[in-house]
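Just the heavy atoms: all of them, side chains too, but no hydrogens, waters or symmetry mates, feed the values below. Being a predicted model, the structure only gives us computed values, none of them experimental.
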Amino acid sequence: MEQRIGSSSQPLEGAGFDPAFIPGLTPASGRTEEDGPEKEPEVADVEEAAAEAEETAEASPSEPEEDTEADTDGPVFEASDRRARMVADHRGVRMSLDDQECEFRWDEIGAVETETARFGKRYTVTVHTPDRRWYPIEIEAPARSHFQEWDAQLDAVLDAYFEEEEKEGEAAG
């Protein structure tokens, strides 16, 4: 009787373990091992590229910044605590929790909902998108009296920007 030493399982094959399993796939760098070592750019090439970049920068006027004074005159809502932060202004709604951030432009928002806790100091803002997804954020207020102030500020922002986008869409259609 023969006995085998070691594992009886065969090595797995497939694209999940070996990208070369699928014909036509190339390594991420775009070159194969047969191409040889990567060629270092010559100093003259680097200097030419830098000179071209300077010429194009001088030729084109500087781009106006996205936040202009005319746009920032409107209402702004901002609320934050030690972990969470929410800002709603002319650009849209930006939320962050710890190191996670998300941003919604006004044309990406279907609805904005606010909710206050019956007990405690949590203020919840939920952004709903047209594709039936929602993104809630809870902000702990310093006092329950901030809820009414925050609701008024957020309503002012929504009235100024959210409704404006709908009116523009109706006028175009």
Side-chain angles (χ1 to χ4, degrees), residues 15-17 19 22 25-31 38 41 46 49-173:
F17 298 97
I22 299 176
L25 282 183
T26 59
S29 66
R31 60 179 193 86
E38 188 174 338
V46 173
E52 288 177 14
E54 283 181 23
E55 289 174 10
T56 56
E58 291 173 3
S60 65
S62 61
E63 298 280 331
E65 290 193 17
E66 188 174 320
D67 293 334
T68 61
E69 288 298 320
D71 290 339
T72 60
D73 289 342
V76 175
F77 169 73
E78 186 170 351
S80 64
D81 65 7
R82 60 186 169 78
R83 293 184 60 203
R85 180 170 190 241
M86 181 187 163
V87 177
D89 58 9
H90 67 282
R91 291 173 37 198
V93 176
R94 293 177 303 283
M95 299 187 299
S96 63
L97 179 65
D98 295 331
D99 62 343
Q100 303 296 314
E101 295 181 359
C102 62
E103 182 172 350
F104 302 96
R105 295 184 318 265
W106 289 114
D107 60 341
E108 297 175 322
I109 297 174
V112 177
E113 177 185 16
T114 62
E115 184 179 351
T116 58
R118 185 171 179 189
F119 302 105
K121 299 182 284 186
R122 286 201 178 116
Y123 184 75
T124 305
V125 179
T126 306
V127 174
H128 295 270
T129 60
D131 59 350
R132 296 187 180 181
R133 294 183 183 262
W134 61 93
Y135 303 89
I137 189 166
E138 288 186 345
I139 300 170
E140 191 169 333
R144 289 186 60 84
S145 62
H146 282 73
F147 292 161
Q148 291 178 348
E149 178 185 330
W150 285 353
D151 274 336
Q153 289 177 356
L154 185 57
D155 283 343
V157 170
L158 292 174
D159 288 344
Y161 302 116
F162 188 63
E163 298 296 328
E164 183 178 298
E165 295 292 329
E166 289 179 358
K167 289 177 187 173
E168 288 175 6
E170 291 173 3

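Side-chain N or O atoms of Thr129 include one that pairs as donor or acceptor with a backbone N or O of Arg133 at under 3.5 Å. In this structure, Arg144 contributes its side chain and Gly120 its backbone to a donor-acceptor pair below 3.5 Å.
Counting heavy atoms from C-beta outward, Asp89 and Val157 have side chains that stay 4.5 Å or more apart. Residues Met95 and Phe104 meet the side-chain proximity criterion, which asks for heavy atoms closer than 4.5 Å. With a 4.5 Å cut-off on side-chain heavy atoms, Leu154 and Val112 count as touching.
Under the 4.0 Å criterion applied to side-chain N and carboxylate O atoms, Asp107 and Arg105 are assigned as salt-bridge partners. One finds a salt bridge joining Glu103 and Arg91 here, because a Lys/Arg side-chain nitrogen approaches an Asp/Glu carboxylate oxygen to under 4.0 Å.
Between Ser96 and Ile137, the closest heavy-atom pair is O-CD1, 3.4 Å. Between Pro75 and Ala160, the shortest heavy-atom contact is CG-CB, 3.7 Å. When every heavy atom of Gly110 is checked against every heavy atom of Pro130, the shortest pair comes out as N-CD, 3.9 Å.
One finds the OG1 atom of Thr124 at 8.5 Å from the CD1 atom of Ile139 (value rounded to the nearest 0.5 Å). Summarising the geometry, atom NE2 belonging to His146 is positioned 14.5 Å from atom OG1 belonging to Thr116; distances are rounded to the nearest 0.5 Å. Atoms NE2 and OH, on His90 and Tyr161 in that order, are 7.0 Å from each other to the nearest 0.5 Å.
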Can you list, pair by pair, the side-chain donor-acceptor contacts under 3.5 Å of residues 76-87, counting residues two or more places apart and other chains?
residue	atom	partner	partner atom	Å
Glu78	OE2	Arg85	NE	3.3
Glu78	OE2	Arg85	NH2	2.4
Asp81	OD1	Arg83	N	2.9
Asp81	OD1	Ala84	N	2.6
Asp81	OD2	Glu140	N	2.9
Arg83	NE	Asp98	OD1	3.1
Arg83	NE	Asp98	OD2	3.3
Arg83	NH2	Asp98	OD2	2.7

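Taking the six-membered ring where the residue is Trp, Trp150 and Phe147 present tilted rings, their angle falling between 30° and 60°.
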Quick one: do Phe162 and Ile109 satisfy side chain to side chain contact (heavy atoms under 4.5 Å, CB included)? Show the steps, please.
-> CA-CA 8 Å; Phe162 188 63; Ile109 297 174; 3.9 Å; yes
